[in-house]
Structure formats: C-alpha cells, structure tokens
Amino acid sequence: MSAEHRRLGLAALLALGAATLPFWAADQYQLHLATLIAAYWVLIGGLNLVVGYAGQLSIGHVGLLSIGAYAFAILAGKAGLHPALAVAASGALCGIAGLLLGLPSLRLPGFYFAMATMAVALIVGEVVLAQGELTGGGVGLPVPGFPAPFDSPAGFYWLTAAAAAVVTWLTWNVARRMQGRGLIAIRDSVVTAQAVGVPVLGAKLRAFVFSGVCAGVGGSLFAALQSYITPDTFHFELSLFFFVCIIIGGRGGILGPFLGVVVLTALPELVSPLAKLGNFFYGLLLLAVVLVVPEGIGRVFELVAARLKPRPVESVPVQPDLPRLARALRSNR
Amino acid sequence: MSPAAAAAVQPGASLRAVAVTRRFGGITALDGVSLELRPGEVHGLIGPNGSGKTTLLNLLSGYYEPSEGAIALGNEPLERAPVQRRARLGIGRTFQKPRLLPTLTVLENTMLGAWPHARAGFVETAFGLPRAAREDQAARSRATELLHGVGLGHAVARRANLLEHAEQRFLEIARALAARPRFVLLDEPAGGLSTDEIDHLGGILGTLREAGIGVLLVEHHTDFVFRVCDRVTALDLGRMIREGTPAEVRHDPEVIRVYLGA
C-alpha cells in the first residue's frame, strides 16, 4: 500500500508543478516545451491503454495524430469553425478512424498488427500529400490558435495541460478497475482473458477507439501549438517516439510513460550535449532501459529500493480455511 | 447469477457432452464420448496420456468445437458458444500450467475472475461513474474471502510472479470461484503438490460439492481421484472405457489393464 501512496504523492507533486509551470518556467521556450509535452501526453496517455495495458503494438499513431491535426486546421481555419468545436470534431473523426483501423487489424497477431498500423501511418502521409487542395500538400497549412484567454503562451499551456489531466484521469479510472484488469489479461494471457469472460476483440477495440479520440484531440492541440503544419511535421519517427515513451516508461503504469515522454522530450532540449546526439540518445536510452530495467523507468525507484532492502518472501504453507470458503461460496447466490 | 443469459438456464441443470468426437487433421482425439457433470458432484476424469482428457475439458469450456456431437448446459446448446459465453453461464476452469497475470497481485488476479459480474462498461468506467467503483469493491471483498478460504490469506498483496507452485494452483481455483460458477473444470490441479497440499485440495473440492458446484477433476493421481470423487469416467485412446462410482471403475478389468496396472 505504501508504494501506492508514494506514487500518488509523486503524482500530486507533479500535478502541482505542472499547474504552476508558467510562473516558474525560465523562458518562453521552456513553456513551449511543456505545452508540447502536454499535447504529446494527450495522445500517449490514450495510446498507453493500447500498448502498455492491452499489449497491442501500435506503431502507427502518428497517422491518427496527423488526421486530427489536419482536421483541426481545416475545420478551424478554412471552414471557420470555433476551435472548441473543431477539437471535438477532430476527436470524433479520429475515434471513427480508430474504429475503422482497429476492426480489421486488431484480429491480427502482434507483429502483423504492428505492420498494419505502420502501413496506415504511411498511407495517411501520402494521402495528405496527394490531397493538396484540402491539406496544402507539401506546402502545408497555417493553423489558427485558440481565442482568449487561451491565446497567450501561458493560456494555451493551461488549456493543453488541462486536456492532458483529463486524459490521465480517464485512463487512471480504466486502469484500476475491472476494465483495466481485462486489458492486462489480454496482454499477459489471452487464454486467461477468454476463460474469465473478457471479450478480447471488443475490449481491444474500445481501448483503441479511445486512443483514437485522444490522438484527435492531441493532434488538434499539437497543430495549434505548431501554428503551421506540413507532412514533414508528422514523420514516422514521431510514431516510434510515442511507442518508445511507453516502453521506456514501463508497461502497465501511467506515471512511467508520463516520465518517459517528459524525459525523452525535455532532456535533449535542455541538456545541449544530448541534443547533438539526436536519435543516438533515444537509442542509447532505449537500449539501457530494455537491458537494465525492462520494467521501465517508472519503477526504477521501487526496484532499487527492493534491491537495497530485500524483503525475503517467507514461505507459508497453504492452509485452507474451509468454513470461510463455504461462507464465501454461500454469499454467492 | 447476474447475466440475463444465465437466468435462461434452469437451476440444477447439468453440463453434458453427448457423443462428442473431436478430430485434429487425421487424428481422432476423442471418439463419441459422453459425460454428464451434475451440480454438487465431483466427477473424476482419468486415463493415460493422450487418452483425450484435456481435449474433453477444452470441448466443455469452449476452446475447441466438437467435430460431432453436442455440448449442452441444461437445454442450452453450447457446442458453438465461445469460451466467454460459457464463462458467463457459470462454467469456469483452471489450467494444467497455471496462467496468472504476473504483474498483478494475488488479489487482483482473483478479482479478474469476477469479470462476468461487472456491468460497468469502458466509457462508464473511464468517466468514474460510481457503479464501477461499487462493483470493484464487491469483487475485492469477495475475492479476499475466497483467498482466505483456499489458504492464500498470507499472500493477498503479493505479486503473482512471486508465488510458489502450490500457491499458483490454489490461486487459479480462487479466480475460477470468483466468477460464482455452477461448474469448475480443473485440469490436473494436484500436479506438483505435496501430500499435505493434495489433502487441502481434497478439502476444497468437498467444500465446493457442498456448495452445489459441479467439479470436473482431470487428474493423474488416481488414489486421490478415487478418494474424493462421486463418479469417475475413464478414457483410453479417445474412447470411454468405463463410467461409474470410484469402486466400480477401480475394479474394472479394462481400466486396470490400460491404466492402473495390476
């Protein structure tokens, strides 16, 4: 229980720090980075249920991010819709896109599912290029910002951070209840999931559609932050980046992947020698995590504590309490 | 029984396999075998390796479809029903090699078994509506009672990957019971257990019988099977060679010849 309290305490501290960030950020660039992290997290938080909980290797979420971003740019820009409505429409559109993508592909075994999501990401990029009249083709599109009070950097940060907080809350609710256990069962043993009655495809699909909605909302905020998008904004490495954030953070948690996206986004920017390393830094970190702490950086402290102060698991013989079992079974019906 | 589907099955109905045959390619793993599992009965299923015991268990729990023959719960035909529907109808099972979720605690593994009784869907759960929390609380307290009941009270908060072999086996039983099953199908639950632990398992099976749960016991420890079962079915090469009380089966010359030895 104490580990859980520590995690909740850390989460509260992070939330407090995030809420007050515009007051203590050193410059506008740091605020921009924090907004970018929040926009990424809107997508990654939703993707986390698919990758970290249900264990489905989606490496194509940049495709959904791109659909959300262009939908927002077109609806709020060209069509002149209110940005709030445009965000909602992008979320809905990407939810539908998730359904259409997930329905056939989530039946596939892991590797083939990953390939299907990758293919979709590549196709979306090509379609964006080909539909020049709508998307601006290779030249790209300007993206309108949000009206006051969200038109300042701090205002837009708070809006994006609030969206990130909502996504975190939604995934946390799923993760700690029966729905979350069902997803973990799909990840760790499909046979067990079936035996206890989890509708495997249906549960995967719900999580995937949810991740689509998150990608749509995240894509809208991401586009508004960039203020101009081109197909190059949505390169495939970004998709791998989302996936790697979750793997480095650790599967089956929320705090870990969040630390993952913070570390991977902020470290190369704030520590300039790392920026020179570029992808080399990501590669090195990924290798180190997979080899040294495969459970993810979210659990490093826990694991180190366990190593320093090992609690021997005492062997207790199994001793059934049959009257208690009988009572539990009677309360059955 | 909360699901509407379960209400359609009358109480006291038995789980039946009627003349089921299952072929894998050219091999007939099970050939016209019938078995009736009644509520409140411990039914043993014995036979040499490859005699079709696990195949029959997989046909009853829904992992295989029969090539011929029928599976039914009362009047409800089940031979094409997916595993999940059978779970909702109250048919639970354990696995020969325990299949637990290693990163979850013993308590959470047991709570997973209550999935058929959770009505709160994905969206409802995500928005934190009270029903999901209420159902979780109910599942938690019941799982805790079941775990103490089967003798895992000391390990409730332990991660499942830290369990010893016997604890894993008993946890599988607790998870199956969390679904409030009418029937549980146990695939070699005594495998790898010590004599004391097998005695404890026998006690648990007796308690299940008194609670009105039908138990199918696939097992190689024949003296254990004859000690705890009400009825026993013996298979050989996919065919049923004898069905009857433990005493009848134990003294059947065919069973002795192919399985028990002199």
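Nearest heavy-atom pair across A/Arg181 and B/Asp136 is NH2-OD1, 2.7 Å. A pairwise comparison of heavy atoms in B/Trp115 and A/Gly182 identifies CZ3-CA, 3.7 Å as the closest pair. Taking both residues in full, the closest heavy atoms of A/Pro317 and B/His154 are given as O-CE1, 4.5 Å, listed atom of the first, atom of the second, then distance.
Going from atom CG of B/Leu208 over to atom CG of A/Leu325 covers 6.0 Å, rounded to the nearest 0.5 Å. The CG atom of A/Leu322 sits 9.0 Å away from atom CD of B/Glu210, with the distance rounded to the nearest 0.5 Å. Interatomic distance, B/Phe122 CZ to A/Asn173 CG, rounded to the nearest 0.5 Å: 10.5 Å.
Chain A forms the most heavy-atom pairs under 4.5 Å with one residue out of B/Glu197, B/Glu124, B/Met111, and that residue is B/Met111. Ranked by heavy-atom pairs under 4.5 Å with chain A, the first of B/Arg159, B/Arg86, B/Arg93 is B/Arg159. Chain A forms the most heavy-atom pairs under 4.5 Å with one residue out of B/Ala133, B/Pro102, B/Ala139, B/Ser141, and that residue is B/Ala133. When each of B/Arg175, B/Glu167, B/Glu108 is scored by its heavy-atom pairs under 4.5 Å with chain A, the top score falls to B/Arg175.
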- request: Could you check B/Asp196 against A/Val318 for side chain to side chain contact (heavy atoms under 4.5 Å, CB included), going step by step and ending with a plain yes or no?
  value: CA-CA 9 Å; B/Asp196 281 351; A/Val318 174; over 6 Å; no
task: Show the numbers, then the answer: is there a side chain to side chain contact (heavy atoms under 4.5 Å, CB included) between A/Val174 and B/Phe127?
output: CA-CA 9 Å; A/Val174 171; B/Phe127 281 97; over 6 Å; no
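By the 4.5 Å heavy-atom criterion applied to side chains, B/Thr207 and A/Arg324 are not counted as neighbours. Residues B/Leu146 and A/Leu329 meet the side-chain proximity criterion, which asks for heavy atoms closer than 4.5 Å. Contact check for A/Met178 versus B/Glu135: no side-chain heavy atoms found under the 4.5 Å cut-off.
Under the side chain to side chain donor-acceptor pair (under 3.5 Å) criterion, no residue pair touches residues 92-101 of chain A, with sequence neighbours excluded.
Annotation: residues 159-169 of chain A contacts chain B through A/Trp169 [non-hydrogen atoms, separation under 4.5 Å]. Among residues 90-102 of chain A, no residue has any heavy atom closer than 4.5 Å to a heavy atom of chain B. Residues of residues 188-208 of chain A lying under 4.5 angstrom from chain B, judged on non-hydrogen atoms, are A/Asp188, A/Ser189, A/Val191, A/Thr192, A/Gln194, A/Ala195, A/Val196, A/Gly197, A/Val198, A/Pro199, A/Val200, A/Arg206, A/Ala207 in numerical order.
A donor and an acceptor atom, one from each side chain of B/Thr125 and A/Arg176, are nowhere located under 3.5 Å apart.
Between the A/Gln179 side chain and the B/Ala120 main chain, a donor and an acceptor come within less than 3.5 Å of each other. Checked by atom type and distance alone, the side chain of A/Asp321 never pairs as donor or acceptor with a backbone atom of B/Gly149 at under 3.5 Å. Here the side chain of A/Arg330 pairs no donor or acceptor atom with the backbone of B/Ala211 at under 3.5 angstrom.
At a 4.5 Å heavy-atom cutoff, B/Ala176 makes no contact with chain A through either its backbone or its side chain. Interface remark: B/Leu104 contributes side-chain atoms only to the contact with chain A (heavy atom separation under 4.5 Å).
With salt bridges taken as basic N to acidic carboxylate O contacts below 4.0 Å, none links B/Glu145 and A/Arg327.
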